[in-house]
> 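Shown below is the structure under consideration.
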Amino acid sequence: MTDNNTLRTDETPRDFIREKIAADLNAGLNDRIVTRFPPEPNGYLHIGHAKSICLNFSVAEELGGACNLRFDDTNPAREDESFIRAIQDDLRWLGFNWGARLFYASDNFDQLYEWARTLIGNNLAYVDDLSAEEIRERRGTLTEPGQPSPYRDRTPEESLDLFARMRGGEFDDGAKVLRAKIDMASGNINLRDPVLYRIMRASHPRTGDTWCIYPTYDFAHGQSDAIEHITHSLCTLEFEDHRPLYDWLIENLPVPARPRQYEFSRLNLGYTVLSKRRLIQLVEDDHVTGWDDPRMPTLAGLRRRGVPPEAIRDFINRLGITKSDGLVEMSYFENTIREHLNQTAPRRMGVIDPIKLVIENYPEGKTEELDATNNPTDAHAGMRKIPFSRELWVERDDYMDDAPKKFRRLTIGREVRLRFAYYVICTNVIKDPDGNVTELRCTYDPESRGGDTPDGRKVRGTIHWVSAANAKTAEIRLYDHLFTTEEPGKERDWIEDLNPNSLNVCETCYVEPTLVDAQGVVQFERLGYFFPDADSAPNALVFNRTVSLRDSKSKD
RNA sequence: UGGGGCGUAGCCAAGUGGUAAGGCAUCGGGUUUUGAUCCCGUGAUCGCAGGUUCGAACCCUGCCGCCCCAGCCA
């Protein structure tokens with residue numbers, strides 16, 4: 001790809017971010033690129049994060065630079081060690097590596113504290129005794145300027161003393177904060193004396209009880225970037241109007257580097273939610289089984305569902321990087337998943353909603369082995385043997401009474417092909433007292449073994465099947481969108497848009513015997529792609545439907 | 001009504017003054033032992049209105065619409 005010492009600035013950049021970085025490089029502003037991915041360990045990574053991850057890591061790799069993983073762990077009240085581990089697992093699974101470049105904002109707590117003192121000493125920050133509510137009341141509104149705190153003109157000496165005592169634990173949580181002294185009348189509310197430090201007695205996953213004051217994200221982020229010598233701090237649009245604050249801090253502090261921040265729009269996907277707050281609520285209120293519930297848009301959920309990491313990266317790359325917000329169709333993502341799985345997933349047969357099919361003229365007790373291709377799109381995938389016998393399981397909706405002309409499957413008198421096997425004609429159906437079909441009776445043409453006949457006659461449909469005597473029972477979990485609307489919360493409370501039918505567990509399904517030790521994603525022919533769930537065991541198979549196959553029959 | 005952004009076909013998105021890439025979807029058609037795959041074809045004058053220019057999606061002006069910001073969250 002790229003040799004480490006060559007900056008690839010000659011190629012046409014793929015997006016405006018890469019374009020700007022190339023310009024910075026060509027202008028001699030940097031001689032090496034360092035980016036970073038800075039998650040807060042208060043939840044799992046989701047596909048929206050994948051956009052930032054792919055951008056930050058890929059840009060660095062393309063330019064022979066480096067990308068740091070930094071946990072922005074400035075709020076111990078919400079952060080947890082388990083998330084730190086999970087985030088790293090997900091990142092590795094996605095295919096990115098940070099080597100030894102693992103950092104924490106908390107690594108910088110001592111430095112940050114000293115820099116806070118620097119600001120105070122230079123009369124650029126002060127300790128404020130106002131309560132959170134009083135600060136809010138004086139912040140002003142979008143159209144009215146804020147009012148200065150009565151403590152704003154406290155001397156640096158007094159603030160320094162108070163700040164040290166805040167650290168020393170003399171004051172209650174929330175009793176005092178450290179604020180930057182910028183401009184209470186600024187149109188940019190982030191510049192109206194933002195809080196830099198707050199008192200919070202919470203045990204920190206990394207620093208334990210060493211501190212009872214913690215820097216806010218706004219104070220920690222830019223300085224952490226500078227300490228790590230990040231050259232390009234790539235983040236999402238909502239931080240665009242924090243940039244003036246970050247720049248102000250960088251200009252007023254003796255930092256070792258000047259990172260440049262560029263912003264891009266975050267990913268929005270239809271029929272799901274990608275906000276940390278909402279995902280946390282789904283997990284905590286048990287609307288899903290956990291962060292790795294296959295319906296979740298988390299990387300852990302997608303992994304459990306069977307989505308290959310390559311498909312996620314490909315999807316992200318196809319979207320591009322811009323500053324315009326949009327809503328990407330879920331079907332676009334699904335299509336990308338299919339594209340990858342179509343190339344790689346071995347084909348198998350399985351019946352989700354089984355109905356017995358008996359071939360009346362096939363010898364009882366006979367079993368034969370038939371040849372089946374493992375993947376018609378991959379010549380190297382080879383063949384396998386599948387057992388065939390008199391009694392089979394077929395899909396319930398592959399039979400229909402009084403079927404219309406376009407129906408290409410089983411109905412009395414119409415000949416269809418059993419995939420890789422024989423031509424059969426349905427001669428009779430058996431129904432229960434309620435009129436439900438319980439069994440299909442057919443006859444087969446022995447000449448059609450393998451799926452072709454010597455006379456070359458055509459058949460309009462091909463259906464999948466599993467030999468009843470040899471089938472393995474499996475539970476198959478079918479997933480639908482987590483929400484019933486493309487934009488949850490647009491018309492009402494987003495929780496009300498949850499799809500009550502997002503999970504459909506089919507407990508008695510039959511799959512071909514080769515599936516007892518299935519490891520990766522397989523395609524059940526005509527149905528979709530399926531992945532063994534974490535709950536699956538050889539004697540109790542469980543498959544998750546990763547995604548269905550495209551289906552044009554519903555459109556005629 | 002303050003500040004910061006965005007607005008090119010249903011969706012994503014190229015385009016940076018010279019006469020609208022590409023992908024996905026849609027709709028036709030072909031191939032096919034998965035109604036899958038694959039192959040071919042199919043759509044926009046660029047939010048609106050003015051202006052500058054021989055010429056504008058790209059420059060200027062004025063509107064309109066959408067998103068973000070009033071956490072001691074990130």
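Letters A, B, ... are given to chains in the order of the sequence lines, protein chains preceding strands, and every chain is numbered from 1.
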> Salt bridge (Lys or Arg N to Asp or Glu O under 4.0 Å) with A/R154: which residues, sequence neighbours excluded?
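Salt bridge (Lys or Arg N to Asp or Glu O under 4.0 Å) check on A/R154 returns A/D129, A/E158.
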> Please state the P separation for the pair B/rC6 and B/rC38 - nearest whole angstrom.
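Going atom to atom, P in each nucleotide, I get 37 Å.
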> What are the residues of residues 328-337 of chain A, sorted by number, that bring a heavy atom to within less than 4.0 Å of RNA chain B?
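A/V328, A/E329, A/Y332, A/N335 - these, ordered by number, are the residues of the stretch whose heavy atoms sit under 4.0 Å from the strand.
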> Determine, for A/Y423 and A/R417, whether the Lys NZ or Arg CZ falls below 6.0 Å from the six-membered ring centre while staying within 45 degrees of the axis.
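No - A/R417 does not lie over the ring of A/Y423 by the 6.0 Å and 45° rule.
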> Could you tell me how far B/rG47 sits from B/rA57 if I compare only their P atoms? Round to whole Å.
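Nearest-Å result for B/rA57 against B/rG47 at atom P: 10 Å.
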> If a pair satisfies salt bridge (charged side-chain N to carboxylate O under 4.0 Å, His left out) and one of its residues is in residues 267-284 of chain A, list it, with sequence neighbours excluded.
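Residue pairs passing salt bridge (charged side-chain N to carboxylate O under 4.0 Å, His left out), neighbours aside: none found.
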> Is the backbone of A/I321 close enough, under 3.5 Å, to the side chain of A/R14 for a donor and an acceptor to pair up by distance?
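No, the answer is negative, given that no donor and acceptor are paired below the 3.5 Å cut-off.
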> Quote, to the nearest angstrom, the P distance that separates B/rC39 from B/rU31.
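Result for the P pair: 16 Å, nearest Å.
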> The criterion is salt bridge (Lys or Arg N to Asp or Glu O under 4.0 Å); which residues satisfy it with A/E19, sequence neighbours excluded?
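Salt bridge (Lys or Arg N to Asp or Glu O under 4.0 Å) list for A/E19, sorted by chain: empty.
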> Nearest to the side chain of A/T462, which nucleotide is it out of B/rU16, B/rU34, B/rC72?
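Taking heavy atoms from C-beta onward, the closest nucleotide is B/rU34.
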> Roughly, in whole Å, what's the span from CZ in A/R14 to P in B/rG23?
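So the two atoms are 17 Å apart, to the nearest Å.
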> Which glycosidic conformation, syn or anti, is assigned to B/rG4 if syn requires a torsion within 90° of zero?
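Anti for B/rG4; the angle lies over 90° from 0.
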> Using nucleotides 66-69 of chain B, report all nitrogen or oxygen pairs with the protein that are shorter than 3.5 Å.
none

> Using the test side-chain hydrogen bond (donor to acceptor under 3.5 Å, both in side chains), find all partners of A/D241 that sit at least two apart in sequence or belong to another chain.
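A/D241 satisfies side-chain hydrogen bond (donor to acceptor under 3.5 Å, both in side chains) with no other residue.
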> Check A/S159 against A/V127 and note the closest heavy-atom contact, atom names and distance.
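Heavy atoms only, the tightest pair is OG-N, 3.1 Å.
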> In whole angstrom, give me the gap between the P atoms of B/rA14 and B/rC66.
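One P to the other, the span is 24 Å.
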> Nearest of B/rU26, B/rU1, B/rU34 to any side-chain atom of A/R419?
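Taking heavy atoms from C-beta onward, the closest nucleotide is B/rU34.
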> How long is the line joining CD1 of A/I463 and P of B/rA36, in whole Å?
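Those two atoms, CD1 and P, are 17 Å apart.
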> Could you give the OH-to-C1' distance, from A/Y271 to B/rC11, as a whole number of Å?
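Between C1' of B/rC11 and OH of A/Y271: 12 Å.
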> Expressed as a whole number of angstroms, how long is the span from A/F264:CZ to B/rG4:P?
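These atoms are roughly 22 Å apart.
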> Starting at atom CG of A/L45, determine the distance to atom P of B/rA74, rounded to an integer number of angstrom.
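So the two atoms are 17 Å apart, to the nearest Å.
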> With P as the reference atom in both, quote the distance from B/rA13 to B/rA56 in angstrom, rounded to an integer.
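Each nucleotide's P atom is 27 Å from the other's.
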> Output every pair passing salt bridge (charged side-chain N to carboxylate O under 4.0 Å, His left out) with a member in residues 130-148 of chain A, not counting sequence neighbours, ordered by first then second residue.
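Residue pairs with at least one partner in residues 130-148 of chain A: there are none.
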> For A/N342 and A/R139, take the nucleotide of RNA chain B holding the closest heavy atom to each; which residue's nucleotide lies nearer the 5' end?
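On the 5' side of the pair lies A/N342.
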> Find the partner of B/rG62: check Watson-Crick (N1-N3 plus N6-O4 or O6-N4) and G-U wobble (N1-O2, O6-N3) distances, both under 3.5 Å, and reply none if neither fits.
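Base partner found: B/rC48.
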> B/rU37, B/rC72, B/rU34: which one has an atom nearest the side-chain heavy atoms of A/T377?
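Output: B/rU37.
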> Considering every strand shown, what is the Watson-Crick or G-U wobble mate of B/rA56 when both distances are under 3.5 Å?
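Because no pair has both required distances under 3.5 Å, B/rA56 counts as unpaired.
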> For A/I135 and B/rC73, what is the distance between atoms CD1 and P respectively, to the nearest whole Å?
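Going from A/I135 (CD1) to B/rC73 (P), I get 11 Å.
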> For A/D378 and B/rU37, what is the distance between atoms CG and P respectively, to the nearest whole Å?
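Value for this atom pair: 17 Å.
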> With rounding to whole Å, what would you report as the distance between B/rG7 and B/rU16 at their P atoms?
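Straight-line distance between the two P atoms is 15 Å.
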> When the P atoms of B/rC73 and B/rG22 are considered, how many whole Å apart are they?
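Their P atoms lie roughly 50 Å apart.
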> Would you classify A/L245 as touching base, sugar-phosphate or nothing, given that sugar-phosphate means primed atoms plus P, OP1 and OP2, and contacts are heavy atoms under 4.0 Å?
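Nothing, no nucleic acid heavy atom in range.
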> Within residues 169-185 of chain A, which residues have any heavy atom lying less than 4.0 Å from an atom of RNA chain B?
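Close to the strand are A/G174, A/V177.
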> Across all strands, who's sitting opposite B/rA70 as a Watson-Crick or G-U wobble pair, both distances under 3.5 Å?
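When the pairing criteria are applied, nothing turns out to pair with B/rA70, so the answer is none.
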> Measure from the side chain of A/K323, starting at C-beta and using heavy atoms only, and say which of B/rG5, B/rA36, B/rA74 lies closest.
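Shortest atom-to-atom distance from the side chain points to B/rG5.
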> Of the nucleotides B/rG71, B/rA25, B/rA74, which one has an atom closest to the side chain of A/R136?
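Per side-chain heavy atoms of A/R136, the pick is B/rG71.
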> Using the ring pair (Phe, Tyr, Trp, His ring centres under 6.0 Å) criterion, which residues pair with A/F543? Sequence neighbours excluded.
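Only A/F524 meet the ring pair (Phe, Tyr, Trp, His ring centres under 6.0 Å) criterion with A/F543.
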> If each of A/D452 and A/E144 is mapped to the nucleotide of RNA chain B with the nearest heavy atom, which maps nearer the 5' terminus, i.e. the 5' end?
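Going by which nucleotide is closer to the 5' end, it is A/E144.
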> Please determine if a side-chain N or O atom of A/T74 lies less than 4.0 Å away from the OP1 or OP2 oxygen of B/rA74.
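Yes, such a contact exists.
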> The side chain of A/Y217 lies closest to which of these nucleotides: B/rG4, B/rA74, B/rU34?
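Selected nucleotide: B/rA74.
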> List in chain and number order the residues that pass ring pair (Phe, Tyr, Trp, His ring centres under 6.0 Å) with A/F333, two or more places apart in sequence or in another chain; answer none if no residue qualifies.
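Expected list: A/F315.
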> Measuring only the C1' atom in each nucleotide, how far is B/rC69 from B/rC11? A whole number of Å is fine.
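Those two atoms are separated by 28 Å.
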> Heavy atoms only, 4.0 Å cut-off, all strands: where does A/R78 land among base, sugar-phosphate and nothing?
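Here A/R78 touches the bases of the nucleic acid.
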> Apply ring pair (Phe, Tyr, Trp, His ring centres under 6.0 Å) to A/F407 and list each qualifying residue two or more places apart in sequence or on a separate chain.
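Counting only residues at least two positions away or on another chain, A/F407 forms no ring pair (Phe, Tyr, Trp, His ring centres under 6.0 Å).
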> Compare every heavy atom of A/A421 with every heavy atom of A/W465, then report the nearest pair and how far apart it is.
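Distance-wise, the nearest heavy atoms are CZ2-CB, 3.8 Å.
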> Write down the distance between NE2 (A/H340) and P (B/rC24), rounded to a whole number of angstrom.
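The distance from NE2 of A/H340 to P of B/rC24 comes to 12 Å, rounded to the nearest Å.
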> Against the six-membered ring of A/Y113, is A/R167 placed for a cation-pi contact (under 6.0 Å from the centre, within 45° of the normal)?
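Yes, A/R167 sits over the ring of A/Y113.
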> Please list, chain by chain and in numerical order, all residues satisfying salt bridge (Lys or Arg N to Asp or Glu O under 4.0 Å) with A/R419, sequence neighbours excluded.
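For A/R419, the residues satisfying salt bridge (Lys or Arg N to Asp or Glu O under 4.0 Å) (neighbours in sequence not counted) are A/E525.
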> What nucleotide among B/rU37, B/rG23, B/rC12 has an atom nearest to a side-chain atom of A/L319?
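Ranking B/rU37, B/rG23, B/rC12 by closest atom to the A/L319 side chain puts B/rC12 first.
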